[in-house]
Amino acid sequence: MSVPTNHSEVEHVKIASRYLRGTLADSLRNRLTGALNPDDTHLIKFHGSYQQTDRDLDGERKRQKLEPLYSFMMRVRVPGGVCSAQQWARMSELSDRYGNGTLKLTTRQAFQLHGVLKRNLPATVQGFDEVLLDSIAGCGDVNRNVMCNTNPHESPLHEQIVGIAQEISRHLTPRTTAYREIWIDGGGDLQETTEAVDDEPIYGKVYLPRKFKIALSLPPHNDTDIYANDIGLIAIEQDGKLLGFNVAVGGGLGMTFGMPETYPRLADLIGFAAVDDVVDVCEKIVTIQRDWGNRENRKFSRLKYTLDRVGLPAFVAELHQRLGYALGEAKPFRFTSSTDAFGWAPGLNGRSNLTLFVEGGRVLDRPGYGLKSALAEIATFHSGDFRLTGNQNLIIGNIEAAHQARVQEILEKHGAGPKAEQLTALRRDALACVALNTCSQAFAEAERYLPTLLDKLDTVIRAHGLAEDSILIRMTGCPNGCARPYLGEIGLVGRSPGRYNLYLGASHHGDRMNKLYREMLDEDGILRELTPLIAAYATGREPGESFGDFVVRTGLVKATVAGLDFHA
Ligand code: SRM
Ligand code: SF4
């Protein structure tokens, strides 16, 4: 089998890879460089890793005529965001032993390690494997980590829904044995990879045209931003029983500056699926995208472009045909929140849950603040779980009554006690993507800079009595959308070092995107624009009105009603 010549380079690499093997074994054995063979840089994404350089050092190393300092980001899927204390402990330990000492909790409830050297990749993967974690499908043209909102204290239904998220994830995980062969059995010293005998019943030999994302949520919470996903599943309950899911398709946020034919788009509701059908509905949607998605130009390969090209009715008709029945009519629901509830909350069976604020999702130790050490210590005795939220925060879940005081004490001892309530809601609910120094796509800082900007914005917020009012601010270093900035009531998207485009007017619950308001602002410009708006909001808002709704109502920006009018 070969792929048509007009298909993109990555399609050719995939087909030649024999189910994701490529020459990865050879790349790992080559000790002369810290990098992989060029084609393998595409394939390793399917194994959950990106080859990166330390962008802070790139210039200096070039001047010294040295190879860039190559290292690898490794992404470990945590379906539904729930992992055990043992798994937490292992990730923390691996980040110290092989990574840069920090653990990143992503906007999709996964773990990332940064700074892993090529020679340490196999040992790191083996470390995941020993505690039943893996990085396969962390990245690549396959279904990624399946998200699910994580409010264990709210109802037993959440547990059921997390279970369904895990089932969807298992079903859509690639079946190739290449991952085990290369990283675990081969241990980085595999002499030869076997002739592929695998079968990928869902993906086939060339996998999907592009990444694919699924999120679940249980109203009234939309903390997984389901509309930003290729498939969003909205749980519908009746009298405490899960009936099934409303199905939304075609969300995705990436775009490219200067190319208005690329755009962020929210998913459209197309119907209702019963609990027992939902895994199959996801599979069939994935296969339509596999067959219909654009494989010539990766800029237009996501499901959102497939949908806008063929039209929603044709897509839904095809889905019904592949299912052999029609989805039911979408059922009524209402989202009222998309943020995390910080602090202690009672749980089920006498246990409790503690939601901790993790700035930028970065779990680390710094002088006077030892969050990472505190969590590692808690993991030594905690019999519950750890839950990564879609807002880059962490819930220590299902804490035994007998352990509550000890958990609190350890956090305080390390200066990491729950202090979310001392922060403004603006800061508590902020999101920032990784950006520099590891992300190759970043035009500007995000995670490293947003706290500084927030110090200044907090002064304005407090001066206007808005410390407890949640305003969603989201910053990314480029327009790819990793911190879902187009769903920020205030979105800041990096254009060049120190300069950002300012977007305003998303809803507070993830169901309306924002619009471009100003371009190329530096810090002074951002403060100059936002200060009067915050003041006007404090005095002019209607009861319960969110900042995003306020700027739309007062005519500052027009409401974005569909992806195709995002740039209008
Ligand atoms: Fe992302 C690429 C980080 C969530 C849209 N994303 C990247 C890469 C791998 C950069 C690259 O291509 O070289 C970034 C790695 C940086 C690093 O050094 O770690 C990266 N994305 C992240 C994370 C870690 C951001 C964070 O700070 O938490 C998130 C990891 C999620 C996970 O666990 O799987 C992350 N990325 C997202 C989201 C949000 C979401 O899914 O809810 C989006 C927008 C939704 C979407 O997919 O449309 C997102 N990332 C992108 C895109 C644009 C995709 C597109 O369709 O245009 C890229 C670039 C690409 O795919 O070509 C990208
Ligand atoms: Fe990198 Fe851009 Fe994603 Fe930020 S939004 S992590 S800069 S790809």
Side-chain angles (χ1 to χ4, degrees), residues 10 41-42 44-45 48-55 71-79 81 99-100 102 104-115 135 137-147 209-215 223-230 232 250-257 259 262-267 293 298-305 358 360-362 388-393 431-448 450 474-487 491-495 510 563:
V10 180
T41 59
H42 298 299
I44 199 167
K45 296 177 188 177
S49 181
Y50 265 71
Q51 178 175 303
Q52 301 182 318
T53 63
D54 184 334
R55 293 188 57 192
S71 70
F72 292 79
M73 174 274 271
M74 306 199 70
R75 188 180 290 162
V76 170
R77 284 177 307 126
V78 187
N100 66 1
T102 73
K104 171 82 178 180
L105 312 183
T106 75
T107 52
R108 289 195 71 77
Q109 301 176 287
F111 287 115
Q112 277 188 190
L113 303 183
H114 288 101
S135 61
C139 322
D141 298 343
V142 283
N143 181 55
R144 306 287 188 85
N145 196 37
V146 178
M147 297 179 74
R210 204 69 160 81
K211 58 174 66 166
F212 198 92
K213 298 182 171 179
I214 302 178
D223 52 345
T224 50
D225 267 338
I226 61 114
Y227 295 108
N229 286 263
D230 296 271
L253 299 184
M255 65 159 186
T256 304
F257 286 137
M259 280 185 75
T262 65
Y263 48 85
R265 182 192 196 279
L266 296 190
R298 289 179 66 80
K299 288 223 180 283
F300 302 102
S301 295
R302 291 293 293 274
L303 176 63
K304 61 182 176 177
Y305 299 117
V358 184
R362 189 69 67 171
L388 285 56
T389 81
N391 290 313
Q392 299 174 316
N393 295 310
L431 291 183
C433 75
V434 178
L436 294 162
N437 63 327
T438 53
C439 181
S440 65
Q441 311 279 311
F443 299 129
E445 299 279 355
E447 183 192 324
R448 296 197 296 193
L450 185 60
R474 296 172 173 195
M475 174 179 275
T476 56
C478 88
N480 279 332
C482 299
R484 300 187 287 271
Y486 313 114
L487 285 168
L492 289 160
V493 177
R495 281 284 297 267

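These numbers come from the heavy atoms of this one structure, side chains and all, not from hydrogens, waters or symmetry mates. Just follow the structure's listing: the first ligand is 1, and inside any ligand the first atom is 1.
Of the protein's heavy atoms, Cys439 CB, 3.6 Å lies nearest to atom 16 (C) of ligand 1. Residue, atom and distance of the protein heavy atom nearest to atom 59 (C) of ligand 1 are Asn480 ND2, 3.3 Å. With respect to atom 12 (O) of ligand 1, the closest heavy atom belonging to the protein is Tyr50 CE2, 3.4 Å. Protein heavy atom at the shortest distance from atom 48 (O) of ligand 1 is Leu253 N, 2.6 Å. At the top of the distance list for atom 57 (O) of ligand 1, counting protein heavy atoms only, stands Gly254 CA, 3.3 Å. Protein heavy atom at the shortest distance from atom 18 (O) of ligand 1 is Thr438 OG1, 2.6 Å. The shortest contact between atom 4 (C) of ligand 1 and any protein heavy atom is with Thr107 OG1, 3.3 Å. Nearest protein heavy-atom contact of atom 33 (O) of ligand 1 is Thr106 OG1, 2.6 Å. Cys439 SG, 2.2 Å is the protein heavy atom nearest to atom 1 (Fe) of ligand 2. Nearest to atom 4 (Fe) of ligand 2 among the protein's heavy atoms is Cys433 SG, 2.3 Å.
Contact between Arg210 and ligand 1 is present, with at least one heavy atom of the residue lying under 4.0 Å from the ligand. Not close to ligand 1: Cys139, with no non-hydrogen atom less than 4.0 angstrom away. The shortest heavy-atom distance from Ala435 to ligand 2 is under 4.0 Å. For the ligand labelled ligand 1, residue Ser440 lies inside the 4.0 Å heavy-atom shell. Taking a 4.0 Å cut-off on heavy atoms, Lys299 fails to register as neighbouring ligand 1. Proximity of Lys304 to ligand 1 is not established, as no heavy-atom distance is less than 4.0 Å. Using a 4.0 Å heavy-atom cutoff, Arg144 is absent from the residues neighbouring ligand 1.
Each of the atoms 5 (S) of ligand 2 lies under 4.0 Å from some heavy atom of Thr476. Taking a cut-off of under 4.0 Å to the non-hydrogen atoms of Ala432, the atoms of ligand 1 that pass are 27 (O). Below 4.0 Å from some heavy atom of Gly477 lie the following atoms of ligand 2, by number and element: 4 (Fe), 7 (S). The contact set between ligand 1 and Ala110, taken as ligand atoms under 4.0 Å from a residue heavy atom, comprises 33 (O). Counting atoms of ligand 1 from 1 in the listed order, those under 4.0 Å from a heavy atom of Lys104 are 26 (C), 27 (O), 28 (O). Atoms of ligand 2 found under 4.0 Å from any heavy atom of Gln441, numbered from 1 in the order shown, are 8 (S). Per-residue contacts place Gly252 under 4.0 angstrom from the following atoms of ligand 1 (heavy atoms of the residue considered): 48 (O).
Side chain of Arg55 to main chain of Cys439: a donor-acceptor pair is present (N/O by atom type, distance under 3.5 Å, no hydrogens or angles). Between the Ser49 side chain and the Met73 main chain, a donor and an acceptor come within less than 3.5 Å of each other. Under a 3.5 Å cut-off, the side chain of Arg75 and the backbone N or O of Cys139 do not form any donor-acceptor pair. One N or O on the side chain of Thr107 and one on the backbone of Cys482 form a donor-acceptor pair closer than 3.5 Å. Under a 3.5 Å cut-off, the side chain of Lys304 and the backbone N or O of Tyr263 do form a donor-acceptor pair.
Using a 4.5 Å heavy-atom cutoff, the side chains of Gln112 and Val434 are in contact. Under the 4.5 Å side-chain criterion, counting only non-hydrogen atoms from C-beta, Asn393 is not in contact with Leu105. Val493 has its side chain within reach of Tyr486: a pair of non-hydrogen atoms, C-beta onward, lies under 4.5 Å apart. Using a 4.5 Å cut-off on side-chain heavy atoms (C-beta onward), Arg362 and Arg448 make no contact. Under the 4.5 Å side-chain criterion, counting only non-hydrogen atoms from C-beta, Asn145 is in contact with Pro79.
The option from Arg298, Met73, Arg362, Gln392 that lies nearest to atom 26 (C) of ligand 1, judged by heavy atoms, is Gln392. Atom 58 (C) of ligand 1 has its nearest heavy-atom neighbour, among Arg77, Lys211, Gln441, in Lys211. With distances taken over non-hydrogen atoms, the option nearest atom 34 (O) of ligand 1 out of Gln52, Lys45, Arg75, Met74 is Arg75. With Gln51, Arg484, Arg108, Lys213 as candidates, the residue nearest to atom 38 (C) of ligand 1 on a non-hydrogen basis is Lys213. Residue Gly481 holds the heavy atom nearest to atom 44 (C) of ligand 1 of all those in Cys478, Gly360, Ala435, Gly481.
Taking 2.8 Å as the threshold, Cys482 counts as a candidate ligand of atom 3 (Fe) of ligand 2, since one of its N, O or S atoms lies below it. Distances from atom 1 (Fe) of ligand 1 show that Cys482 has an N/O/S atom below 2.8 Å. Residue side and main chain included, Cys478 places an N/O/S atom under 2.8 Å of atom 2 (Fe) of ligand 2.
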Task: Chi angles and distances behind the side chain to side chain contact (heavy atoms under 4.5 Å, CB included) call for Lys45, Lys211 - done: CA-CA 10 Å; Lys45 296 177 188 177; Lys211 58 174 66 166; over 6 Å; no
Task: side chain to side chain contact (heavy atoms under 4.5 Å, CB included) evaluation trace for Tyr227 with Leu487 - done: CA-CA 10 Å; Tyr227 295 108; Leu487 285 168; 5.6 Å; no
TODO: Walk me through it: do Thr106 and Phe111 pass the test side chain to side chain contact (heavy atoms under 4.5 Å, CB included)?
DONE: CA-CA 6 Å; Thr106 75; Phe111 287 115; over 6 Å; no
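At a threshold of 4.0 Å, the pair Arg298-Asp141 counts as salt-bridged, since one of the basic side-chain nitrogens sits closer than that to a carboxylate oxygen. Residues Asp230 and Arg210 are not paired through a salt bridge, judged by the lack of any N-O separation under 4.0 Å between the basic side chain and the carboxylate.
Counting heavy atoms closer than 4.0 Å to ligand 2, residue Ala442 contributes atoms from both its backbone and its side chain.
Checked against a 3.5 angstrom limit, the closest N/O atoms of Val434 and ligand 1 fall inside it. For ligand 1, the polar-atom distance check finds an N/O of Arg302 within less than 3.5 Å of one of the ligand's N/O atoms. Of the polar atoms of His114, at least one N or O is found under 3.5 Å from an N or O of ligand 1, judged by distance alone.
Side chains of Asn100 and Thr102: a donor-acceptor N/O pair is present below 3.5 angstrom, by distance only. If you check the side chains of Arg108 and Asn229, you find a donor sitting under 3.5 Å from an acceptor.
Annotation for Val76 and Ala110: closest pair O-CB, 3.3 Å, computed over non-hydrogen atoms.
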